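Following: one structure in structure tokens, then a few remarks.
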Amino acid sequence: MISLSYILLCGQFLLLLTVILLQCLEGIHSQNSSTTETPASSPAQGATATPFSEQPPEIVKYEIPVESTNYTEPYEYRPPSPVVLCSYLPEEFIYCQDPVDHAGNLSALQELGHGCGGWGGQTQKEVNRTSVICTALDDIECAGPREFLREDVPCIKYTGHYFITTLLYSFFLGCFGVDRFCLGHTGTAVGKLLTLGGLGIWWFVDLILLITGGLMPSDYSNWCTYY
């Protein structure tokens with residue numbers, strides 16, 4: 001009978017041969033891979049050919065074009081990166097300042113490059129649009145400058161004037177000029193009060209103007225909406 005020690009010795013010998021064979025195969029594979037990559041990296045054969053999967057991502061330089069040079073900042077951005085540009089963040093991740101009120105000063109508007117020269121408007125075509133300064137929130141990670149200009153912001157403001165409330169004032173107390181007092185037209189409101197609504201004619205005209213949109217708040221603000 002074959003002894004147990006002889007079987008163990010044969011097993012160890014086979015294991016040693018297997019390890020030596022695997023090391024030889026690994027050395028041959030590494031040598032073949034190095035010889036195949038050497039011509040591609042040799043400068044004597046022209047341009048270097050790198051596999052597409054191993055090519056580094058292209059670095060693209062972006063520049064935010066704005067009217068004011070204070071907010072133009074070139075930077076490097078890698079498109080494959082999961083971090084988006086700060087200017088692409090949605091509204092819940094940024095803080096935007098109110099539009100700059102130039103109060104009709106067109107020269108100041110042209111000098112700054114953004115802001116509202118006029119406010120209000122009943123239709124979309126009547127509403128002016130501008131850019132506002134926005135900043136990414138502190139805990140939000142994004143690429144590029146954290147302060148930027150966001151465009152296409154409507155020049156609309158709300159100062160607490162409600163159309164239904166003003167209409168009721170005009171209908172019931174319009175002869176005393178209460179509607180114009182509420183809208184900020186103090187001078188004409190006093191005249192309307194002294195004439196008792198122009199003997200009813202002024203009261204009726206203001207009621208029609210209010211319904212058709214001809215009588216608005218004096219600060220050019222829009223009507224507040226009910227939710």
Side-chain angles (χ1 to χ4, degrees), residues 64-68 70-71 86-137 147-227:
I64 299 179
V66 294
E67 293 82 353
S68 177
N70 296 331
Y71 302 97
C86 295
S87 57
Y88 290 167
L89 291 174
E91 295 181 357
E92 57 266 23
F93 297 139
I94 60 176
Y95 168 75
C96 294
Q97 302 178 9
D98 295 332
V100 180
D101 186 7
H102 294 289
N105 191 346
L106 298 181
S107 60
L109 175 60
Q110 294 177 358
E111 180 179 358
L112 184 60
H114 62 89
C116 294
W119 296 86
Q122 297 298 314
T123 61
Q124 184 178 3
K125 296 180 179 180
E126 297 175 354
V127 177
N128 297 326
R129 296 184 176 273
T130 183
S131 301
V132 294
I133 303 175
C134 297
T135 307
L137 299 181
E147 185 175 274
F148 53 91
L149 287 178
R150 175 150 293 187
E151 301 178 352
D152 202 27
V153 177
C155 293
I156 295 178
K157 59 181 178 180
Y158 303 96
T159 55
H161 297 287
Y162 292 89
F163 174 75
I164 298 299
T165 305
T166 309
L167 182 63
L168 293 176
Y169 284 157
S170 180
F171 184 79
F172 292 104
L173 302 175
C175 56
F176 302 108
V178 177
D179 51 351
R180 287 186 170 266
F181 276 116
C182 292
L183 296 179
H185 302 284
T186 307
T188 55
V190 173
K192 190 175 181 180
L193 174 62
L194 296 177
T195 59
L196 294 179
L199 300 178
I201 300 176
W202 199 345
W203 167 82
F204 181 75
V205 171
D206 276 356
L207 191 63
I208 299 300
L209 290 176
L210 188 63
I211 295 175
T212 57
L215 183 59
M216 296 292 295
S218 60
D219 56 358
Y220 301 101
S221 61
N222 284 54
W223 301 112
C224 295
T225 57
Y226 291 95
Y227 293 99

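Note that the structure is a prediction, hence the values are computed from the model and not measured.
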Phe172: side-chain contact (heavy atoms from CB on, under 4.5 Å) partners, not counting sequence neighbours: Leu168
Sequence neighbours excluded - salt bridge (charged side-chain N to carboxylate O under 4.0 Å, His left out) pairs with any residue from residues 176-195: Asp179-Lys192, Arg180-Asp206, Lys192-Asp206
Nearest non-hydrogen partners of Pro99 and Pro154, listed with the distance: CG-O, 4.4 Å
Gap between atom CG of Leu149 and atom SG of Cys134 - 0.5 Å precision: 8.0 Å
Working for side chain to side chain contact (heavy atoms under 4.5 Å, CB included), residues Gln124 and Arg129: CA-CA 10 Å; Gln124 184 178 3; Arg129 296 184 176 273; 4.1 Å; yes
Glu126: side-chain contact (heavy atoms from CB on, under 4.5 Å) partners, not counting sequence neighbours: Gln122, Thr123
From Leu193 atom CG to Thr188 atom OG1, the distance as rounded to the nearest 0.5 Å: 11.5 Å
Sequence neighbours excluded, every pair satisfying salt bridge (charged side-chain N to carboxylate O under 4.0 Å, His left out) that has a member inside residues 155-168: none
Met216 versus Ser221, closest heavy-atom pair with distance: CE-O, 3.9 Å
Pair listing, ring-ring contact (aromatic ring centres under 6.0 Å, His included) test, anchored in residues 202-222, at least two apart: none
CA sep, side-chain torsions, deciding dist, call: Trp119, Ile156, side chain to side chain contact (heavy atoms under 4.5 Å, CB included): CA-CA 6 Å; Trp119 296 86; Ile156 295 178; 5.6 Å; no
Partners meeting ring pair (Phe, Tyr, Trp, His ring centres under 6.0 Å) with Tyr162 (sequence neighbours left out): Tyr226
side-chain contact (heavy atoms from CB on, under 4.5 Å) partners of Val178, counting only residues at least two apart: Tyr169, Leu173, Phe176, Cys182
Rounded distance (nearest 0.5 Å) linking atom CD1 of Ile94 with atom CD of Glu92: 8.5 Å
Sequence neighbours excluded - salt bridge (charged side-chain N to carboxylate O under 4.0 Å, His left out) pairs with any residue from residues 163-175: none
Under the ring pair (Phe, Tyr, Trp, His ring centres under 6.0 Å) test, residues paired with Trp223 that sit two or more places apart: Phe163
Taking every non-hydrogen atom, the tightest pair across Ala136 and Leu89: CB-CD1, 4.0 Å
Trace of the side chain to side chain contact (heavy atoms under 4.5 Å, CB included) decision for Glu91 with Arg150: CA-CA 10 Å; Glu91 295 181 357; Arg150 175 150 293 187; 4.1 Å; yes
Heavy-atom closest contact (Gly115 atom, Thr130 atom, distance): N-OG1, 2.7 Å
Pairs flagged by salt bridge (charged side-chain N to carboxylate O under 4.0 Å, His left out) wherever residues 208-223 is involved - sequence neighbours left out: none
Gap separating the OG1 atom of Thr212 from the CG atom of Leu207, nearest 0.5 angstrom: 9.5 Å
His102 NE2 to Cys155 SG distance, which is reported to the nearest 0.5 Å: 9.0 Å
Thr135: side-chain contact (heavy atoms from CB on, under 4.5 Å) partners, not counting sequence neighbours: Glu147
Within 6.0 angstrom of Leu199 CG, more than 12 heavy atoms from elsewhere: no
Cys116 and Asn128: CA distance, side-chain angles, deciding distance, side chain to side chain contact (heavy atoms under 4.5 Å, CB included) verdict: CA-CA 7 Å; Cys116 294; Asn128 297 326; 5.9 Å; no
Contacts of Cys86 that satisfy disulfide bond (SG atoms under 2.5 Å apart) - sequence neighbours left out: Cys142
Nearest-0.5 Å distance that lies between atom CD1 in Ile211 and atom OG in Ser170: 8.0 Å
Nearest heavy-atom neighbours spanning Asn222 and Gly121: ND2-O, 3.2 Å
Minimum-distance pair of heavy atoms, taken over all atoms of His114 and Val100: CE1-CG2, 4.1 Å
